[in-house]
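Just follow the structure's listing: the first ligand is 1, and inside any ligand the first atom is 1. Everything quoted here is computed from the prediction, not taken from an experiment.
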Amino acid sequence: MAEEALIVIDLQNDFCPGGALAVAGGDEIVPLVNDLIRRTEHVVLTQDWHPAGHSSFASSHPGKQPFETIEMPYGPQTLWPDHCIQGSLGSDFHSGLAWTKAELVIRKGFRTAIDSYSAFFENDHKTPTGLAGYLKERGIDTITLVGLATDFCVAYSALDAVKQGFKATVRLDACRGIDLNRSLDTMLKRMQDAGVTLEDHSSE
Ligand code: VGL
Ligand code: ZN
């Protein structure tokens with residue numbers, strides 16, 4: 001039997017207003033995400049989870065500023081303010097998130113030398129998180145993605161999901177984006193071209 005899962009991406013304090021890498025309106029999606037959690041049988045959360053001194057932090061690269069890009073052995077990497085440090089308040093889920101129903105929490109970005117936007121693969125696009133195997137073993141072939149940020153962790157997760165053979169829908173009304181150098185348009189187009197279903201129910 002084909003099963004469905006809701007994947008809630010990185011709905012953590014550091015991505016909400018007041019956090020270290022705040023996404024505009026990041027906290028606004030919490031009530032809608034909670035509705036979707038209530039209505040979905042299987043719920044998986046991801047949690048951005050970096051050690052102090054992580055290589056995606058601008059502070060780890062002398063002379064570099066947040067939002068600059070550097071070349072890493074696995075390709076270009078955007079540099080970020082320090083965020084989602086393992087065990088910090090910023091790494092906690094938003095306090096309003098109804099997270100208790102989650103059957104799995106996937107932590108990502110815990111290797112110092114490599115960042116991980118996608119819930120499925122780290123930024124080398126080779127190192128798996130184990131999520132594809134977990135979902136497949138449980139007979140889940142259809143996923144809905146929500147959370148933060150639309151144009152980074154949500155988008156890369158959705159792209160990898162279709163590559164791994166899942167039917168993937170992104171609920172744009174339950175996401176908010178960073179939009180760095182027009183990344184929102186770029187990633188919406190990439191998702192559309194890859195066969196990700198983009199839905200926006202905000203006028204309903
Ligand atoms: C994210 C930048 C760095 C995200 C995580 O959740 O979209 N973005 N780490
Ligand atoms: Zn991160």
Side-chain angles (χ1 to χ4, degrees), residues 6-30 33 44-61 64-70 72 74-94 97 99 102 105-125 127 129 131 143 145-161 168 170-172 174-188 190-191 196:
L6 178 72
I7 317 281
V8 181
I9 305 286
D10 298 0
L11 200 21
Q12 294 164 262
N13 291 327
D14 269 344
F15 297 121
C16 290
L21 179 39
V23 179
D27 55 341
E28 293 168 5
I29 64 174
V30 171
V33 171
V44 172
L45 310 177
T46 69
Q47 190 170 26
D48 211 39
W49 194 249
H50 300 306
H54 191 258
S55 59
S56 75
F57 297 166
S59 63
S60 304
H61 304 272
K64 296 290 179 190
Q65 297 300 315
F67 311 110
E68 288 183 31
T69 302
I70 58 161
M72 295 285 268
Y74 54 81
Q77 170 70 49
T78 303
L79 296 176
W80 304 106
D82 291 21
H83 66 279
C84 294
I85 294 184
Q86 296 170 354
S88 66
L89 274 178
S91 74
D92 280 353
F93 294 116
H94 184 284
L97 180 67
W99 55 265
V105 178
I106 284 276
R107 289 185 171 147
K108 58 187 183 59
F110 52 75
R111 290 186 175 83
T112 299
I114 182 164
D115 203 7
S116 188
Y117 295 151
S118 164
F120 293 93
F121 289 94
E122 305 203 13
N123 285 8
D124 61 0
H125 307 294
T127 307
T129 62
L131 181 58
I143 65 170
L145 297 116
V146 299
L148 305 172
T150 320
D151 42 345
F152 286 90
C153 291
V154 174
Y156 284 101
S157 298
L159 290 171
D160 280 345
V170 172
R171 275 288 299 264
L172 292 171
C175 297
R176 291 292 183 275
I178 295 174
D179 206 14
L180 194 61
N181 308 318
R182 302 189 48 77
S183 55
L184 198 49
D185 272 0
T186 304
M187 296 310 288
L188 289 174
R190 277 184 66 181
M191 287 192 277
V196 176

Should [X] be counted as touching ligand 1, given the test is an N or O pair under 3.5 Å?
X: L21; result: no
X: K108; result: no
X: A149; result: yes
X: H50; result: no
X: L148; result: yes

| message | Counting only heavy atoms not in W49 (residues, nucleotides, ligands), do more than 12 fall under 6.0 Å from its CH2? | response |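 Count over threshold, so yes.
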
| task | Inspect the surroundings of CG in L89 and state if more than 12 heavy atoms from other residues, nucleotides or ligands are less than 6.0 Å away. | result |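 Incorrect, the count does not exceed 12.
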
| With a 4.0 Å cut-off on heavy atoms, does Q12 reach ligand 1? |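 In this structure, Q12 fails to qualify as a contact of ligand 1 - no heavy atom is under 4.0 Å.
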
| Among protein atoms, how many N/O/S atoms lie less than 2.8 Å from the Zn ion (ligand 2)? |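 Number of qualifying protein atoms: 3.
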
| query | In a check of side chain to side chain contact (heavy atoms under 4.5 Å, CB included) between R176 and each of D27, L184, L148, which one passes? | reply |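 Result: among D27, L184, L148, L148 is the only option passing the side chain to side chain contact (heavy atoms under 4.5 Å, CB included) with R176.
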
May I ask you to identify the nearest protein heavy atom to [atom], giving residue, atom name and distance to one decimal place in Å?
atom: atom 2 (C) of ligand 1; result: W80 CE2, 3.3 Å
atom: atom 4 (C) of ligand 1; result: C153 SG, 2.8 Å
atom: atom 6 (O) of ligand 1; result: D10 OD2, 2.6 Å

With a cut-off of 3.5 Å and sequence neighbours excluded, list every side-chain donor-acceptor pair involving residues 75-84.
from	atom 1	to	atom 2	distance (Å)
Q77	OE1	Y74	OH	2.8
Q77	OE1	N123	ND2	3.2
Q77	NE2	D115	OD2	3.0
Q77	NE2	Y117	OH	3.3
W80	NE1	T78	O	3.4
W80	NE1	Y117	OH	3.1
D82	OD1	S59	OG	2.6
D82	OD2	S59	OG	3.4
H83	ND1	P81	O	2.8
H83	NE2	D48	OD2	3.0
H83	NE2	H50	NE2	3.1

